[in-house]
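Below: the structure, in structure tokens.
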Amino acid sequence: MKTLLSVLLLFPLLAVGQFQIEKAKTLYESKKYVEAAKLLEQVDDESKDYAAAQFYLGRIAFDQKEYDDAADYFEEASENDEKVADYFLWLGDTYGTIAKDANVVRQGFLAPKMKTAWEKCIALDAKNISARESLIEFYTQAPGFMGGSFEKAKEVANQIVKLNPAQGHRSMGDIFVREKNPTAAEKEYLEMVKSDEKFISVLGNFYAGQKQYDKAFNLFEEPLKKDPNNMIMIYLVGRTSAVSGQRLDRGEQCLKQYLSYKPKEGEPSHAGANMRLAQVYEKRGNKPEAKKLFETALKLDSNLKEAKEGLERVSK
């Protein structure tokens with residue numbers, strides 16, 4: 001009877017904790033960070049929901065670019081619940097973000113910690129691709145004395161191929177690009193598109209990066225023969241024109257057409273389309289029109305680095 005009474009007394013507390021987490025998660029997803037943090041900070045460190053509360057506090061800190069605080073929260077979450085793969089994924093990714101702007105000494109300190117976090121994530125979730133992609137970034141960017149290795153990166157990419165062929169071939173292609181082996185990279189990207197046509201933009205970006213603009217244009221124009229209203233391909237033709245300075249009439253037409261369309265979540269933004277159209281006008285020598293469009297792009301998204309640089313160029 002005593003045990004049953006204890007459970008009954010404890011149940012409301014458990015329900016309250018779960019309710020706080022769910023409500024805080026909803027607030028977080030609505031970017032109401034202050035309100036979400038207030039709820040999460042009320043979760044006691046003895047509660048079974050404490051790790052989850054720390055995780056979402058970490059997510060809030062990460063979104064606000066407070067990366068050291070985010071790392072502290074993710075460490076607390078992973079230490080209090082060692083069975084949740086996402087805690088280790090975010091911990092490793094946060095270490096990696098901090099390392100990008102750190103000095104060599106701190107990078108050396110963070111390198112094994114981020115690698116261990118991603119490996120722990122994979123051990124908990126054998127199908128996790130995100131942690132493997134982060135490991136590839138680590139292996140291809142870290143110097144050898146910190147654990148960098150292109151061969152190890154390729155081993156991880158082969159693991160991804162078994163889980164998701166398109167993403168695996170993309171990762172392998174990225175590795176070959178960093179190794180400055182464009183022939184091998186192209187083969188991988190072609191296999192990627194064979195596996196999943198939605199990755200066509202990656203292949204086109206590769207061609208553009210190699211200044212093989214005709215290949216990029218042809219790749220994006222081909223689907224438009226079947227579906228003239230494929231807005232993603234329309235945008236990509238416009239962007240290729242803006243980057244290359246070629247087929248400017250076609251590029252202007254495509255970008256204006258895209259700007260008449262309301263992008264869905266995950267599709268290129270109007271901010272980006274305005275920036276690319278500005279680049280088209282800039283390449284034509286029409287600085288006044290380019291300036292207006294760069295300004296429009298920055299009003300829509302003040303973080304567009306290329307738009308800021310473009311505005312500086314055409315304002316001289």
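- The cluster map of Ile, Leu, Val, Met, Phe, Trp and Tyr, joined by side-chain heavy atoms under 4.5 Å apart, puts Met146 and Trp118 in different clusters.
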*Please walk me through it: do Lys65 and Tyr67 pass side chain to side chain contact (heavy atoms under 4.5 Å, CB included)?*
CA-CA 5 Å; Lys65 302 186 188 304; Tyr67 300 121; 3.5 Å; yes
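- Atom NZ of Lys113 has more than 12 neighbouring heavy atoms from other residues, nucleotides or ligands inside a 6.0 Å radius.
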*Would you check, one step at a time, whether the test side chain to side chain contact (heavy atoms under 4.5 Å, CB included) holds for Glu191 with Met172?*
CA-CA 10 Å; Glu191 287 297 321; Met172 192 69 81; over 6 Å; no
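- The environment of Lys292 atom NZ is sparse: at most 12 non-hydrogen atoms of other residues, nucleotides or ligands sit within 6.0 angstrom.
- Taking a 6.0 Å sphere around CZ of Phe109, one finds it holds 12 or fewer heavy atoms contributed by other residues, nucleotides or ligands.
- Cys254 and Gly238 get closest at one heavy-atom pair: CB-N, 4.0 Å.
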Return a table of donor-acceptor pairs under 3.5 angstrom between the side chains of residues 32-41 and protein atoms on other chains or two or more places apart.
unit_1	atom_1	unit_2	atom_2	d
Tyr33	OH	Asp63	OD2	3.0

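- For the pair Met192/Val202, a side-chain contact is recorded, criterion being any heavy-atom separation below 4.5 Å from C-beta on.
- Residues Ala71 and Thr94 share a closest heavy-atom pair of N-CG2, 3.7 Å.
- A 4.5 Å side-chain heavy-atom check between Glu306 and Gln279 finds at least one atom pair inside the cut-off.
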*What do the steps show when you test Asp68 against Arg106 for salt bridge (Lys or Arg N to Asp or Glu O under 4.0 Å), and what is the final call?*
CA-CA 12 Å; Asp68 286 311; Arg106 194 173 188 198; 2.8 Å; yes
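- With contacts defined as side-chain heavy-atom distances shorter than 4.5 Å, the pair Leu163/Gln159 does not qualify.
- Put simply, the side chain of Pro223 reaches to within 4.5 Å of the side chain of Ile200, judged on heavy atoms.
- Side chain to side chain, Tyr87 and Glu79 fail the donor-acceptor criterion of an N or O pair below 3.5 Å.
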Atom pairs and distances, donor-acceptor, side-chain atoms in residues 206-214, under 3.5 Å, two or more places apart:
unit_1	atom_1	unit_2	atom_2	d
Tyr207	OH	Glu186	OE2	2.7
Gln212	OE1	Lys215	NZ	3.3
Asp214	OD1	Arg247	NH2	3.3

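- Counted within 6.0 Å of CG on Asp101, heavy atoms from surrounding residues, nucleotides or ligands total 12 or fewer; the atom is thus considered open.
- Side-chain heavy atoms closer than 4.5 Å link hydrophobic residues (I, L, V, M, F, W, Y) into clusters, and following such links, even through other members, never connects Leu259 to Leu304.
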*Begin with the C-alpha distance, continue with both residues' side-chain angles, and end with the deciding distance and a verdict on side chain to side chain contact (heavy atoms under 4.5 Å, CB included) for Lys291 and Tyr281.*
CA-CA 9 Å; Lys291 183 180 179 182; Tyr281 282 115; over 6 Å; no
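- Counting heavy atoms from C-beta outward, Phe62 and Thr97 have side chains that approach closer than 4.5 Å.
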*Is there a salt bridge (Lys or Arg N to Asp or Glu O under 4.0 Å) between Arg284 and Glu252 once you walk through the steps?*
CA-CA 11 Å; Arg284 281 185 167 149; Glu252 179 183 359; 2.3 Å; yes
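- When all heavy atoms of Gln246 and Phe217 are compared, the pair lying nearest together is O-CZ, 3.7 Å.
- In this structure, Glu282 CD and Phe294 CZ are separated by 4.5 Å, a value rounded to the nearest 0.5 Å.
- Rounding to the nearest 0.5 Å places CZ of Arg313 at 9.5 Å from CG of Leu311.
- To the nearest 0.5 angstrom, Lys152 atom NZ is 14.0 Å from Ile136 atom CD1.
- When all heavy atoms are compared, the tightest approach of Phe220 to Ser201 is CE2-CA, 3.9 Å.
- Tracing side-chain contacts under 4.5 Å through hydrophobic residues (I, L, V, M, F, W, Y), one reaches Leu277 starting from Met233; they form part of the same cluster.
- Distance check, rounded to the nearest 0.5 Å: CG of Asn274 to CG of Leu298 gives 10.0 Å.
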_Steps toward side chain to side chain donor-acceptor pair (under 3.5 Å) verdict (Glu75, Tyr95)_ = CA-CA 10 Å; Glu75 284 172 2; Tyr95 287 147; 2.6 Å; yes
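- Across Asp81 and Val84, no two heavy atoms sit closer than the pair OD2-CG2, 3.5 Å.
- Residues Gln107 and Ala102 share a closest heavy-atom pair of NE2-O, 3.3 Å.
- A distance of 10.0 Å separates CG of Asn181 from CD of Glu188, quoted to the nearest 0.5 Å.
- Asn230 has its side chain out of reach of Ile234: every pair of non-hydrogen atoms, C-beta onward, lies at least 4.5 Å apart.
- The shortest side-chain heavy-atom distance between Asn164 and Lys127 does not fall under the 4.5 Å cut-off.
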_Intermediate values then yes/no, side chain to side chain contact (heavy atoms under 4.5 Å, CB included), Lys154 and Phe176_ = CA-CA 9 Å; Lys154 289 171 188 175; Phe176 282 124; 3.8 Å; yes
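- Distance alone, capped at 3.5 Å, places no donor-acceptor pair between the Ser241 side chain and the Val237 backbone.
- Taking the six-membered ring for Trp and thresholds of 30 and 60 degrees, Tyr258 and Tyr235 have ring planes inclined between 30 and 60 degrees apart.
- Side-chain heavy atoms closer than 4.5 Å link hydrophobic residues (I, L, V, M, F, W, Y) into clusters, and following such links, even through other members, never connects Val193 to Val161.
- Between Leu203 atom CG and His169 atom NE2 the span is 13.0 Å, to the nearest 0.5 Å.
- With hydrogens and angles ignored, the 3.5 Å screen pairs a side-chain donor or acceptor of Ser260 with a backbone N or O of Gln257.
- Aromatic rings of Phe55 and Phe74 (six-membered ring for Trp) have centroids within the 6.0 Å cut-off, being under it.
- For the side chain to side chain donor-acceptor pair (under 3.5 Å) condition, the pairs that include at least one residue of residues 135-150, sequence neighbours left out, are Glu137-Gln141, Glu137-Arg178, Thr140-Arg178.
- When side chains are defined from C-beta on, Leu293 does not count as touching Met275, because their heavy atoms never get closer than 4.5 Å.
- Within 6.0 Å of atom CD in Glu179, more than 12 heavy atoms from other residues, nucleotides or ligands are found, so the atom counts as buried in its surroundings.
- Asp174 and Tyr189 share a side-chain donor-acceptor pair at under 3.5 Å.
- Here the side chain of Gln54 pairs no donor or acceptor atom with the backbone of Tyr73 at under 3.5 angstrom.
- Under the 3.5 Å distance criterion, with hydrogens and angles disregarded, no donor-acceptor pair is assigned to the side chains of Gln167 and Arg170.
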